[in-house]
Enquirer: 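Structure incoming, see below.
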Amino acid sequence: MSAPSSTYRVQLRPEFTFTDAAGIVDYLRALGAGALYASPVLDATPGSTHGYDVVDPARARPELGGEPERRVLVARLKDAGLSLVVDIVPNHMSVEVPKVNRWWWDVLRHGQAAEHAGFFDIDWSRGKVLLPVLGDDDAVTELKLEGSGETAELVYYDHRFPIAPGTGEGTPQDVHARQNYELVGWRRGNAELNYRRFFDITNLAAVTVEKAEVFAETHGEVLRWVADGDVAGLRVDHPDGLADPGGYLRRLREGAPGAWLVVEKILHPGEALPQSWPVDGTTGYDALREITGVFVDPAAEPVFTRLADELGVRTDYLAVEEEARRLVTDHILVAEVRRIAALVDETEAAAARAAVAEVMIAFGVYRSYLPEGAAEWAGALERARSRRPDLAEAFTALDAQVRAEPHGELATRLQQTSGMVVAKGTEDTTFYRFTRFAALNEVGGDPDSFGLDPAQFHRLAEGRAAGRPATMTTLTTHDTKRSEDTRARQVVLSELAGEFADAVRRWTARAGLDEPSLNLLAWQTLVGAWPIGPERLRDYLDKAAKESKLRTTWTDHDEEFERAVAAWPARVLDDAELAADVEAFVRRLAGAGYVNSLGQKLVQLTGPGVPDVYQGTELWDFSLVDPDNRRAVDYGARREILDRVLAGELPEVDESGAAKLLVVHRALTLRRERPELFTGYRPLHAEGAAAGHLLAFQRGADLAVAVTRLPVGLEKSGGWRDTVLPLSEGVWTDVLTGRALGDAPAAAALFARYPVALLVRGDS
């Protein structure tokens, strides 16, 4: 097996099953895709719309069609010459509905003596398993006992729990008191939970996949599919939550020696994958950050900073991030911090908790992997010491113990939890508070760095080509904060910074939200996703407000504020004058947004790595964060446009998005049919008055890519004028248009039809 030429990500769910996926295989083949990349396919919580809440890793999900329909999909893919890549979830399982997770049911019924007690990361020294299903910590008053004997169950509203053998006599409260679990309120659970969870989601219990027997039980079915040739690649979800990511990946590689392996590892700028990991690369957020960055005009930074300051939005990024991470350690992951601190030897409990929290807050990356990457641990410790010199002795004890036993329980738990602090504190909190320029607030992003110059971009691309040529690259995923086209349009704001600042002042005076960071985010979102209905915008802003945790949260609600946020979309869209003003501004952005969209897409599809196309994004897609980005895709409309493209149509760059589908089709097809063209990486440099607006590179000897950047500035400066792109000697053909060009084409001729060009040397 080898890496696919490209992947096309499909979100499977009860409304889009194996059969539905099989129904688009012919379309994916015609589009040019190399593989169908599926969201998790193992059995999940009933009704799950994403599949990351696995309940049975030993079977294909029945709600998707089960094993029979999985085989049909595989057969259809093989007949079409496409491979299958599947998303696997090694870190956790869903316990939301205990009865459908037979392992968890066994643990609740038999306690520490259960056959599967060791499959979950439970601290049995603390007694019963705490189940935070109650609204508060009051006594259980609505508990009922149903059934008898082996089938007896305790029922609390819609929650059902097993009865331990021999404990089913008496009142429900008496029976409850004799079980291996205790029903508690969410507040107590948050502070005292004695099983490891996925971030702060108590319905997702961590699995001890580092144990050989647990690995075998959780991965046996998927690895059988790999061995049978049904699955060619695996995408590994959240490896940073594992006790030993490197050990896990080595075991996975042994079980799937020929598979393409990519990991959802979020790399910060300058960070590299641990070199001992036997994987092909990441899922591409590093490439996303770089590709978006090179289309941003850095000159806009002071304008957006002044606007944010004027509106009351904080612009001291590092301070905002530190406060958000501290909120996570002090209020959200309280149980995790306490469990880790209890492992620190010879240190007073309060000091240990403070030291553990401070180190996790101070990580410059998601986590370290001791003994590999010890510099990240040292850096976090140094930053923590500088912030809390009063904890010097606790830091010394913590450091000594971690370094002495890098694979010990303290080091393991601290490292696997630091990623949770960073993700919750930065991605899920800071990115909704630091809203100066939302296009940069993306998974793996660095909102404090305003853009990336072409020279930096080329250096990073050269490094990817040399070091991880089979890594995945992406622009949109199910986890991105906004889709690639929404982001591309928002990036145009960096070229219209003054105009946008004036518009925001005008709009805010008329209908502003009274929480500054949400207000600035709302206007950027409105223009980025326009046209958008009030329901979608309301749902997005509700999530954004709760994620920021400034005025309301998912658990502690400010009902009055939430009502104001919910009313805002209709308040704006029903104001005819205001809506017309917004729409006029979007028209100012739209054309340049299309240019950015086509540019970043062609760069991703042709650059180093294996490009992924997220479902539906072969046309314009102005989605926001999940669940908005999991909406149904209209494949009928896409088939119709593809048929026209296959018939020779060269569509206009307009609101239909057909031009983007053309670019996707031609680039993916070329990658699949001519893989020998896509090797190496060499920057190309334009010459002339507008050279800074032309980003270009060469792959191998016979493929060149050229795209337009900063299109508003290009137009203002008078267009391409004398700009040319020197190429190697020969005749070059633009794959997008079929036009033949010389070896030093004028930019004006190169981009006469489209603002991007995909050039192959020769006449084929």
Enquirer: Looking just at side-chain N and O atoms, do Glu547 and Thr429 make a donor-acceptor pair shorter than 3.5 Å?
Expert: no
Enquirer: Between the side chains of Thr282 and Asp286, does any donor sit under 3.5 Å from an acceptor?
Expert: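 Note: Thr282 and Asp286 side chains meet the donor-acceptor criterion.
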Enquirer: Please report the C-alpha distance between Arg235 and Glu264 in whole Å, then the side-chain angles of each, then the deciding distance to 0.1 Å, and finally whether the salt bridge (charged side-chain N to carboxylate O under 4.0 Å, His left out) criterion is met.
Expert: CA-CA 7 Å; Arg235 180 263 193 192; Glu264 190 205 19; 3.5 Å; yes
Enquirer: Is any side-chain heavy atom of Asp542 closer than 4.5 Å to one of Asp539?
Expert: no
Enquirer: side-chain contact (heavy atoms from CB on, under 4.5 Å), that's the test. Do Glu358 and Phe395 meet it? Break it down for me.
Expert: CA-CA 9 Å; Glu358 204 65 44; Phe395 287 134; 3.9 Å; yes
Enquirer: With a 3.5 Å cut-off and no angle check, do the side chains of Thr167 and Gln179 form a donor-acceptor pair?
Expert: yes
Enquirer: Looking at His478, His92, His238, which hits side-chain hydrogen bond (donor to acceptor under 3.5 Å, both in side chains) with Tyr52?
Expert: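 The passing option is His478.
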Enquirer: Are Trp554 and Lys543 packed together at the side-chain level, in the sense that at least one heavy-atom pair is separated by less than 4.5 angstrom?
Expert: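 Yes; the side chains approach each other to less than 4.5 Å.
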Enquirer: Looking at Leu193 and Leu130, what are the two nearest heavy atoms and their distance?
Expert: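 In terms of heavy atoms, the two residues are closest at CD1-O, 3.7 Å.
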Enquirer: Applying side chain to side chain contact (heavy atoms under 4.5 Å, CB included), can you list everything that pairs with His159, at least two apart in sequence or on another chain?
Expert: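 Listed in chain order: Val133, Tyr156, Phe161.
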Enquirer: Before you tell me yes or no, could you show the steps for Lys211 and Asp121 under salt bridge (charged side-chain N to carboxylate O under 4.0 Å, His left out), namely the whole-Å CA-CA distance, both residues' side-chain angles and the distance that decides it to 0.1 Å?
Expert: CA-CA 11 Å; Lys211 299 177 182 177; Asp121 190 354; over 6 Å; no
Enquirer: For Thr430, is there any backbone N or O sitting under 3.5 Å from a side-chain donor or acceptor partner on Ser548?
Expert: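 Not confirmed, Ser548 side chain does not pair with Thr430 backbone.
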Enquirer: Pairing donors with acceptors under 3.5 angstrom, does anything connect the side chains of Asp123 and Ser125?
Expert: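 Asp123 vs Ser125: donor-acceptor pair found between side chains.
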Enquirer: Is the distance between the ring centroids of Phe363 and His268 less than 6.0 Å?
Expert: no
Enquirer: Does Val422 reach the side chain of Met360, with side-chain heavy atoms less than 4.5 Å apart?
Expert: no
Enquirer: Would you say the ring centroid of Phe119 lies under 6.0 angstrom from that of Trp104?
Expert: no
Enquirer: Taking the side chain as every heavy atom from C-beta outward, state whether Lys144 and Glu153 have any pair of such atoms under 4.5 Å apart.
Expert: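 Side-chain contact under 4.5 Å: no.
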Enquirer: Looking only at atom types and distance, does a side-chain atom of Glu376 sit under 3.5 Å from a main-chain N or O of Gly364, one as donor and one as acceptor?
Expert: no
Enquirer: Please report the C-alpha distance between Lys424 and Asp200 in whole Å, then the side-chain angles of each, then the deciding distance to 0.1 Å, and finally whether the salt bridge (charged side-chain N to carboxylate O under 4.0 Å, His left out) criterion is met.
Expert: CA-CA 9 Å; Lys424 289 297 296 181; Asp200 59 341; 3.6 Å; yes
Enquirer: Regarding Ser368 and Gln415, do their side chains bring together a donor and an acceptor under 3.5 Å, going by distance alone?
Expert: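 Result is yes, a qualifying pair exists.
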Enquirer: With Arg9 as the cation and Tyr614 as the aromatic partner, state whether NZ or CZ is under 6.0 Å from the six-membered ring centre and within 45° of the axis.
Expert: no
Enquirer: Is the closest side-chain heavy-atom distance between Arg197 and Thr202 below 4.5 Å?
Expert: yes
Enquirer: Going by distance alone, is a donor N or O of one side chain under 3.5 Å from an acceptor N or O of the other, for Thr49 and Arg630?
Expert: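 Per modelled atom types, Thr49 and Arg630 side chains form a pair under 3.5 Å.
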